[in-house]
Amino acid sequence: MTLLTLRIYNTLTNSKEDFVPLEEGKVSMYVCGVTVYDDIHLGHARSIVVFDMVNRYLRHKGYDVTHVTNFTDVDDKIINRANEEGIDPLELSARYIDRYFAEVDSLEVKRADIYPKASESMDAIVRMVQDIIDNGYGYATEDGNVYFSIDRIKDYGRLTNQRLEDMVAGSRDVMQDPQKRNPMDFAVWKAAKDGEVAWPSPWGDGRPGWHIECSAMIRDRLGDLIDIHGGGNDLIFPHHENEILQTEAVTGGTLARYWMHNGMLQVKDEKMSKSLGNFFRVSDLLREHDAQTLRFYLLNTHYRGPLVYSEGSLEESKSSLRRLWNAYRSLQSHLRTASGPDHASGIIDAASQTFHEHMDDDFNTRGAISALFDLTREMNRMMASGELSATGAGEALKLLESADAVLGILPVTDGDGELDIIIGILADVRQELRGRKAFDLSDLIRDRLKEAGIQLEDGAEGVRWKRI
RNA sequence: GCCGGGGUAACAUAGAGGCCAUGUGGCGGACUGCAGAUCCGCAGACGGGAGUUCAAAUCUCCCUCCCGGCCCCA
């Protein structure tokens, strides 16, 4: 079975569908970002890395992708946190946006094309609220709140696949604004309380409701209808559901063609979240583990399933990943020294096909990685038995590198050229000593290099070195 | 309660009717001056119960357990 086209699981239809972009060769993608009031944790990283992978794979397939991810920088939690610290909310959010970028860069995430902030999108937001009211889908209260009116919606719950009545029955008791016409109505504009950060609007000073910023930013930056809308599956309801309503109230058409949702990261059968206090900060994890290990851990499972984090799972990922790295480095050495016949192209082509079949099947990174392991085993075997030519090694490396352009799990660089030369000299001297059975001296070189963080490894195809 | 996703060997995960799953770990070999890496082999599995089928981890039904969502969320 060969999948020529990418298939994506669409939450809207609960099924995998062939991916056909609106405009041939182009993809518009919006992914919900974070509320910037604290550092990101591994659960956020999962979403970020997953959609980074999606972005990379779409580009790998030749699409011209416009990837937008927002920052929610106007929000109750930000205001509360800022009040605690006695600083301006926007100062607080700016700080966490800086940290977000630092961590995302450390995770080797390819940045989105645009990162709009709620605070800088007020014109678009106010305009959208006005349009909602003008089209009869919203109303302002005396207090200066604007609510989206659910009563005109016949098919609420398309993403959730639920009926309105069921949701009302299960909804928890929350403090309701008596001026709401229907308890399910949700705020698109919130009147400012005294002293709060606020922006002017026709309904008085206030700030946007949670859902409106995404609808407005999408329309502002990407247009009325986009190809892919992504986010964590905890956002399906109400956030994404309400985004759809808002946008449809204004444009008359639907918001996104493909809705993608990543599964939650769990810790001991619970979702990792700030409110549960069971989260691991990315900045802390990065002190213990390299970015590639974290990415490998997050991508070594299907993005839609749950992923249970536990003590030791990153260590295991590291061990697995080393196998790939070792093969990768062996191939690099082999490229320089190899001779002999070449029987590799069939194996490499097969691995490439398997890799792409899995990726085309709703971004099955786990399956795709398996194909990489299969390849490395074959390559290791062939290198050991002298069946791999330099050409074959080059082809295998090319495949690994193109796969890595999507996954981002291979070592970034192995140091600069000068170091390479010096270690090469030391390795040559050591080889000479070994030839003369002067093992005390040859071991000394190896040991001292190891102390310096460089490990030499003898192999059939020559000496290889790596940082440890 | 309603909706969605899961339960695969010691562990982490793919797979969605038949064909060798992948990695980590374990055991046994090979290679090696020693390290390391690598290779080969072995053990070990589809939550439970019915059914459909020549054939079910995969399809149907029932049961069970876990997680997420139901206006704080990636």
Side-chain angles (χ1 to χ4, degrees), chain A residues 11 14 31-35 40-51 69 72 75-77 157 159-163 165-172 174 183-187 209-211 230-239 241-242 261-266 269-276 296-297 300-302 304-308 310 312-313 315-324 326-327 329-330 358 361 364-374 376-377 379-385 434 437 439 442-443 446-447 450 455-461 464 466 468:
Chain A
T11 310
N14 282 329
V31 181
C32 282
V34 292
T35 302
I40 57 170
H41 59 63
L42 193 58
H44 299 118
R46 182 175 190 198
S47 185
I48 292 164
V49 168
V50 160
F51 285 102
T69 286
T72 300
D75 163 272
D76 283 341
K77 282 189 282 203
L159 259 187
T160 329
N161 195 21
Q162 283 195 83
R163 301 169 63 219
E165 306 87 79
D166 293 331
M167 289 185 277
V168 176
S171 69
R172 60 176 87 146
V174 286
M184 290 298 285
D185 289 352
F186 56 92
W210 178 32
H211 317 298
N233 68 12
D234 52 349
L235 296 178
I236 294 173
F237 187 88
H239 187 55
E241 201 77 64
N242 290 347
H261 293 98
N262 64 276
M264 290 296 103
L265 184 76
Q266 297 165 206
D269 298 344
E270 275 183 327
K271 181 173 96 172
M272 180 179 288
S273 77
K274 295 195 178 139
S275 40
L276 291 169
F296 181 89
Y297 170 68
N300 196 215
T301 182
H302 190 88
R304 276 190 287 117
L307 177 58
V308 182
S310 67
S313 50
E315 282 304 320
E316 188 178 320
S317 289
K318 184 178 178 177
S319 300
S320 302
L321 187 55
R322 292 302 140 172
R323 186 175 170 73
L324 244 32
N326 287 331
R329 283 162 169 148
S330 293
H358 282 299
D361 182 18
N364 185 350
T365 48
R366 180 53 173 78
I369 287 172
S370 297
L372 261 30
F373 277 111
D374 283 337
T376 61
R377 190 181 56 249
M379 292 301 104
N380 283 331
R381 193 180 52 73
M382 292 178 79
M383 281 189 282
S385 63
R434 289 181 71 215
K437 306 254 186 229
F439 296 122
S442 67
D443 287 352
R446 188 174 59 192
D447 293 345
K450 190 170 185 180
Q455 177 154 309
L456 292 185
E457 292 172 356
D458 304 322
E461 74 280 4
R464 192 156 62 98
K466 64 181 179 189
I468 48 175

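Reminder, nothing fancy here: chain letters follow the sequence lines and each chain counts from 1.
- For A:Arg434 against B:rG33, a side-chain N or O and a base N or O form a donor-acceptor pair under 3.5 Å.
- Atom CG of residue A:Leu265 and atom NE2 of residue A:His41 lie 8.0 Å apart, to the nearest 0.5 angstrom.
- Not a single salt bridge (charged side-chain N to carboxylate O under 4.0 Å, His left out) links A:Asp75 to another residue, sequence neighbours left out.
- Comparing the P positions of B:rA57 and B:rA50 gives an interatomic distance of 14 Å, to the nearest angstrom.
- Comparing the same atom, P, in B:rA74 and in B:rG4 gives a spacing of 24 Å after rounding to whole Å.
- To the nearest whole angstrom, the two P atoms, one in B:rG28 and one in B:rA43, are 15 Å apart.
- Among the nucleotides B:rA74, B:rG23, B:rC73, the one closest to the side chain of A:Lys77 is B:rC73.
- Atom C1' of B:rA16 sits at a distance of 12 Å from the matching atom of B:rC46, rounded to the whole Å.
- For RNA chain B, if you chain together Watson-Crick or G-U pairs that step i with j, i+1 with j-1 and so on, the runs of at least three with distances under 3.5 Å are B:1-7 with B:64-70, B:10-13 with B:21-24, B:26-30 with B:38-42, B:47-51 with B:59-63.
- Stacking is not found between A:Phe373 and the pyrimidine-like six-membered ring of the B:rG23 base under the 5.5 Å centre-distance and 30° plane-angle cut-offs.
- Distance noted for atom P between B:rC40 and B:rC31: 15 Å (whole Å).
- A:Asp447 pairs by the salt bridge (charged side-chain N to carboxylate O under 4.0 Å, His left out) definition with nothing, not counting sequence neighbours.
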Annotated protein contacts, base or backbone, on nucleotides 37-46 of chain B with a non-hydrogen cut-off under 4.0 Å, one of B, S, - each
SSSS------
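- Partners of A:Thr69 under the side-chain contact (heavy atoms from CB on, under 4.5 Å) rule, at least two apart in sequence or in another chain, are A:Val31, A:His67, A:Tyr100, A:Ala112, A:Tyr115.
- Interatomic distance, A:Met383 CE to A:Thr376 OG1, rounded to the nearest 0.5 Å: 8.5 Å.
- Residues forming a ring pair (Phe, Tyr, Trp, His ring centres under 6.0 Å) with A:His211 (at least two apart in sequence, or on another chain): A:Phe186, A:His239.
- Distances shorter than 4.0 Å separate some side-chain N or O of A:Thr301 from OP1 or OP2 on B:rA14.
- Checking B:rC67, B:rA74, B:rC72 against every side-chain atom of A:Arg46, the shortest atom distance belongs to B:rA74.
- The P atoms of B:rC54 and B:rC11 are separated by 36 Å, rounded to the nearest whole Å.
- For A:Asn364 and B:rG15, the shortest distance from a side-chain N or O to OP1 or OP2 is below 4.0 Å.
- Distance check on atom C1': B:rU24 versus B:rC70 gives 39 Å, rounded to whole Å.
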